[in-house]
Amino acid sequence: MSGVAFDYLRAGDVAEALTAGAKPGAAYIAGGTDLMPLWKARAAAPALVVDISRLPLDGIGVERDGRLRLGGLARLSDTAAHAAVTRGWPLVAEAINASASGQVRNMGTIGGVLLQRTRCAYFRNDALPCNKRAPGSGCGARAGENRGHAIFGASEACCATHPSDLAVALAALDAEVEVMGPDETRRISVAELHRLPGDAPHIDTELAPGELIAAVEVPPCGGARSTYLKVRDRASFEFAVVSLAAVLRVEGGRIARARLVAGGVAARPWRLEAAEAALVGAAPSDKAFDEAAALAVDGAEPLAHNGFKVDLLRRVVKRALETVGGAA
Amino acid sequence: MADAGRPALSLTVNGEARRIDAPPTATLLDVLRDTLRLTGVKKGCDMGACGACTVLADGRRIKACLALAASYEGRAITTIEGIGTPEALHPLQAAFVRHDAVQCGYCTPGQILSGLALIGEGVDSVEAIREGLSGNLCRCGAHPNIVAAVAEVAGL
Amino acid sequence: MTRVESPVRLEAALKVTGRAVYEAETPMTGMLHAALVEAPIANGRVLGVDGGPARGLPGFADLVSYAEAEVFKPSGSTALAREPRIHFAGQPVALAVAGTLHEAEACARAVRLDLAAEPAVTAMDQALETAFAPDIVGRYPATTLRGDPGAALAEASLVLRNRYETAVNNHHPMEPHSVVCAWDGDRVVVHTGTQAIFATQRLVAHAFQIPADQVRVVSRFMGGGFGCKGQLWWPWMMWAILASRRTGRPVRLELTRAQLFNLVGRRQETVQDLAIGFDAEGRLTGIDHAVLGQTATHGDYADGTARVSRWLYACPNVATTHRIVRTNEPLPIPMRAPGVAPGLFALESALDEAAGRLGIDPVELRVRNYASKDPETDRPWSSNSLLDCYAAAERFGWSGRPAAGKARDGRWRIGWGMATSVYPVHHQPCRVRVRVEPDAGLLVQCGTQDFGQGAYTAIGQLAAEGLGLPMDNVRVELGDTDLPEGPFTGGSMVTASFTPAVETAMARLRAMVAERVAADGASPLADAAPDDLVFEGGLVRSRSRNAAEGLAEILARLAPDGLETEGASAAPENMAFSANAYGAIFVEVGVDPDLGEIRVRRVCGAFAAGRILNPLLARSQYVGGLIGGIGMALHEQVATDRASGRIVGDTFADYLIPVHADMPEFDVLMLDEDDPHLPGGVKGVGMLGTAGVQAAIANAVFHAVGKRVRRLPIRIEDVIG
Ligand SMILES: Cc1cc2nc3c(=O)[nH]c(=O)nc-3n(C[C@H](O)[C@H](O)[C@H](O)COP(=O)(O)OP(=O)(O)OC[C@H]3O[C@@H](n4cnc5c(N)ncnc54)[C@H](O)[C@@H]3O)c2cc1C
Ligand code: SF4
Ligand code: FES
Ligand code: FES
């Protein structure tokens, strides 16, 4: 299968990439594992593909200040296997290893995994209406098949979910993306990288066209326990139906810090702030976890086929808290 | 034959240096299967979701249908044709034959290359083989025999 | 009888080295590539196909649609290629041909269509009032009535009335459909992975109005089929063959994975209303099984879904009906255990439920309802080892079945379930040619196909055993209409069909050898009677005296040009027996009651399917079938956008099939079964694994968490909902 013809440029250095990437119709390619299928399905039609895969942005290491720095072009498999990661940020490795397959993880990169686009099947089929792919054509999923769609933060225009497992984990770790543009380098928290659809669902993220993800930085976990819980129909090689990254630090019998971020439920990793707030200060207990789980689904707005996700998310929160909350 | 100005691509394929004319949109799968006629590289979905096109790039398993060929300029690619021949099977290929890990055979080259890479990654349990091969679909249902063959060669 | 051994798959070395050439890979010089233009509407007419914009594009070579296809002689199989009528969304309306695949796809995208859309029916429930009974289901009546089920159900001590539903599934062989074709004058060679080379040959010959012997169809290797590598895609294949004739160049058309959701058939979606009644001892007194299924607007298709209710168990009062609804969706076609798989899901789920209500063990309930002869026809069974299959319960550990909902393993609740499996035996006519060279090299030729089921190996093995030669001496050629006509691949009947033909041919070869040695005074076997000779270990030996000679020596001396003969078998007519293969399937599942995840942990299947030629390959077939059944039970569901009639989620990332990580432990028990009434004693193993396992899984889920799910696939929402 093939999409519309494009030109190809391998960027020799970051400056060349940024210049080329700023041209209209340009798209970066790293591992290509999302861009290529999108191109074949004609959900992406770049005029120029700028190959950034050989830029020296693939380092993985711990900074002086103790933060983990993952280059934007670091391979997912290298990241998950890196000793610093497995030791200090096991949640990152866990989320990566729950993603895709060995082959895809050998190709996919940190930048690409964050910027991969929704799995909404209407989006990925140009014979169907989709406001994200073809603004103004309508949202096929809202009145159509929407088992996999959002229960939070959707709009009339779009109810797609963001599919990345790693983004969910990184959001729970308060990670930041380092973004390079032609004029400046800036930081965006992973939790705020993706936009809710509103009336412009064709814009997925806060990145301006041509901006590059240079790295992701993750603060140290500071003794917190974490887990990535991914629920799916088959045992492997499937995107999450619902997932949850939970990070919990218990000090002196009280929960000192809680991060709960859900995947598969919204157009961005969905932070369950009310549930987090309810946990902080409480002693880990069945009751506390039940309360948090109930708060987690407050305000959910399910569609025709995804009502079960509300109940499922509640159960997932409970289970994940039991895992990280110790023998409560 | 080639359009003027088409970039030529250099790859080392199964140990041999090759120069190939390919449009910028060509995938590694297009180049291997159609241009170089290495038809042991299978096309099952062309969308990254079946594993039939699995090859090794610098020793790592990848899906050739997701790989933009131009991105692999200068890399060493190994396809099933580079692993063994009917007269001189690689031990993993021989194990596939013995365990009847082959039915229609269409997923087989991908399973073998994926299995080889997995063994190289140091897989340490049958469970891990199952998980590690999950990116390679098989519709005939040869899975248990495939896993048995890989486990045998991995020494598990 | 020589002991059955398990030689490895004959063609395995070619497959594991990537040297087996599948038909799309056939090299041809000057080949053009084709791409289909798909209809964006689900119902309507094509008023015009404007290829203008495509003609100017790089590489453009030809455009074919219904207008160009008028040259085809009309037939049902080419109707869609010849008529400007759109029956379902995504139906091809034209074929663009160009120098490369990417160019052809660009040309196809450039074609402008003038269409007249009409309102479409995109789901069965939009047109229930139009449901009607088809003439036949498979080759059997759509409606049957035995006794008085209404009265029986009214009087029964237990009656269960429930609705069971099964989703649309797609076959999805890993190799997509393809054709590579080339004309030489008015002869054409067609390379296509098909389950029916001869039917393909006849179709092409008919459409182009040329004699069949001018059409050669080749299908040596096929990357799976499961029922879909057949007629439904013929219209589009025919366009490619036409384009090849028009351009005078070889043409290749390969379907995309997305097109395999639309253009090659599907497992019929069913809605089944099943009422079953029992007496107090758990004997079936009445069954009423009514099936509703989807068909397309361009053909009536119905699986024989309720057929199992007619004859699996002894029951005096049985009504079965099938009705279908025409919708603007793709046409169904047989898929792995067609009819039987969905029908057994209903029947075997109902039996499980009844066992619970009656307080009878599920195995015991089935034993009590064993049919000692065919209850539908009153004919005896050719053989029936179902009761022996149930004995596998012990192997599974059934008697230690935990109390419902009580067993756990970490987060998993453990459940056990079982079901009966059955599949009818069918035969087709088959011819084979065998040739032995003076060096005892053996060549067997048969125009049937191997799509992975192991025909190469089984045929080679029968031939080798027939002359007492090692497998290394045998070469097998299949999949070419230049060979003697063999059966199409389907209905688990290929092995049953070729076995008697190969055995006849080998008996003839032995007779030819025997005749020659007997007449040869120089041979130690001179004057031996034909039935005194045994062919074994490369030797021909006399039973009565201590004399033997090497087969190769005999042939070199007495048949310097080799010996050749044919064997044939016919489909038995008016059999005095009914014939089925049987199995019993026991399953252990783990269900996470909170998260809704279901994983099959253990499957034990006992199967009796007559003579097993090669246990190694038969086991692979059973396991493969079981895995297909697990997919149907837990994963596979095609979703259709009701607004447009389009399939949504037409990739393997959306349509889930089981992966390695889903695999349970399999324990397959193959029972010895000697069936003297069937030719060659062979029944067929292909479908048996795919039938019954769905209900066994559903029953195990119920046992684990108390949720009776009557709709396939069973998913997270069914467990937690
Ligand atoms: C079959 C299949 C199954 C999968 N299953 C999962 C799963 O279970 N969970 C999961 O999380 N993911 C899954 N994925 C998605 C996969 O993880 C992503 O496709 C992959 O990580 C993307 O990385 P890439 O480098 O290949 O991105 P590319 O395809 O190269 O790029 C993706 C997008 O990001 C942009 N981009 C890439 N890098 C940068 C950068 N540094 N700066 C700016 N822009 C950039 C590109 O322009 C493009 O728009 C699956 C993919 C496939 C094909
Ligand atoms: S949910 Fe969003 S991505 Fe999906 S069809 Fe609607 S607009 Fe498109
Ligand atoms: S063909 Fe590449 S993954 Fe299917
Ligand atoms: S052997 Fe046929 S798909 Fe795996």
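Below, chain A is the first sequence line, B the second, and so on; all start at residue 1.
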For D100(B), which atoms come within 4.5 Å of any heavy atom of chain C: side chain, backbone, both, or neither?
both
Heavy-atom distance under 4.5 Å to chain B: side chain of T256(C), backbone, both or neither?
neither
Region of Q111(B) in contact with chain C, defined by heavy-atom distances below 4.5 Å:
side chain
Is it true that the side chains of N614(C) and T457(C) contain a donor and an acceptor less than 3.5 Å apart?
no
So for L617(C), is it side chain, backbone, both, or neither that comes closer than 4.5 Å to the heavy atoms of chain B?
both
Non-hydrogen atoms of chain C under 4.5 Å away: do they reach the side chain of S134(B), the backbone, both or neither?
both
H635(C) and L656(C): which non-hydrogen atoms are nearest, and at how many Å?
CB-O, 3.3 Å
Rounded distance [0.5 Å steps], CG in L116(B) versus CD in E121(B):
11.0 Å
Can you tell which part of L133(B) gets under 4.5 Å to a heavy atom of chain C, answering side chain, backbone, both or neither?
both
Validation row: N170(C), L260(C) side chains within 4.5 angstrom (heavy atoms)
no
Given the options G223(C), P27(C), A258(C), S620(C), which has more heavy-atom pairs under 4.5 Å with chain B than any of the others?
S620(C)
Chain B interface, residue from A653(C), P176(C), G631(C), G225(C) that has the most non-hydrogen pairs under 4.5 Å
P176(C)
Residue pair K15(C) / G105(B): nearest heavy atoms and the distance that separates them
CD-CA, 3.8 Å
Using non-hydrogen atoms only, which part of M222(C) is less than 4.5 Å away from chain B: side chain, backbone, both, or neither?
backbone
Between Q694(C) and M632(C) (side chain of the first, backbone of the second, donor and acceptor by atom type, cut-off under 3.5 Å), is there such a pair?
no
Residues of residues 61-81 of chain B with any heavy atom under 4.5 Å of a heavy atom in chain C
I80(B), E81(B)
What part of P58(C) gets within 4.5 angstrom of chain B, counting heavy atoms only: side chain, backbone, both, or neither?
neither
From N169(C) CG over to R336(C) CZ, what is the distance, rounded to the nearest 0.5 angstrom?
11.0 Å
So which part of I83(B) gets closer than 4.5 Å to some heavy atom of chain C, the side chain, the backbone, both or neither?
neither
Distance in Å, L669(C) CG paired with C604(C) SG, rounded so as to fall on 0.5 Å steps
6.5 Å
Name the residue from R37(B), K43(B), K42(B) that meets the side chain to side chain donor-acceptor pair (under 3.5 Å) definition with E25(C).
K42(B)
Most contacts with chain B, counted as non-hydrogen pairs under 4.5 angstrom, among I627(C), V21(C), L626(C)
I627(C)
Which atoms form the tightest heavy-atom contact between E175(C) and R257(C), and what is the distance?
N-NH2, 4.2 Å
Taking atom types as modelled, is there a side-chain donor on R220(C) or H191(C) under 3.5 Å from an acceptor on the other?
no
Centroid separation under 6.0 Å, is that true for the rings of F261(C) and H172(C)?
yes
Side chain / backbone / both / neither for Q453(C) at chain B, heavy atoms under 4.5 Å
neither
For A337(C) and M687(C), which heavy atoms make the closest approach, and how far apart are they?
N-SD, 3.0 Å
Proximity of residues 149-156 of chain B to chain C, residues having a non-hydrogen atom under 4.5 angstrom
none
Scanning both residues in full, the closest heavy-atom pair of D450(C) with E11(C) reads OD2-OE2, 3.9 Å
Between Y655(C) and chain B, which part of the residue has a heavy atom less than 4.5 Å away: side chain, backbone, both or neither?
side chain
Do H660(C) and I129(B) have side-chain heavy atoms sitting under 4.5 Å apart?
no
Of all of G18(C), G454(C), A661(C), P658(C), which one pairs up most often with chain B through heavy atoms under 4.5 Å apart?
A661(C)
For chain C, which of P109(B), C45(B), A26(B) has the most heavy-atom pairs under 4.5 Å?
C45(B)
Taking every non-hydrogen pair under 4.5 Å, which of G135(B), C104(B), C140(B) racks up the most with chain C?
C104(B)
Classify the ring geometry of F226(C) against F451(C): parallel below 30°, tilted from 30° to 60°, perpendicular beyond 60°.
tilted
Between I146(B) and chain C, with a heavy-atom cut-off of 4.5 Å, which part of the residue counts as in contact: side chain, backbone, both or neither?
side chain
Geometric class of the F221(C)/Y22(C) ring pair [parallel <30°, tilted 30-60°, perpendicular >60°]
tilted
Under a 4.5 Å heavy-atom cut-off, does chain C meet the side chain of R98(B), its backbone, both or neither?
backbone
For R475(C), look at atom CZ and say whether over 12 heavy atoms of other residues, nucleotides or ligands are found less than 6.0 Å away.
no
Where do P664(C) and V603(C) come nearest, in terms of heavy atoms and distance?
CG-CG2, 3.8 Å
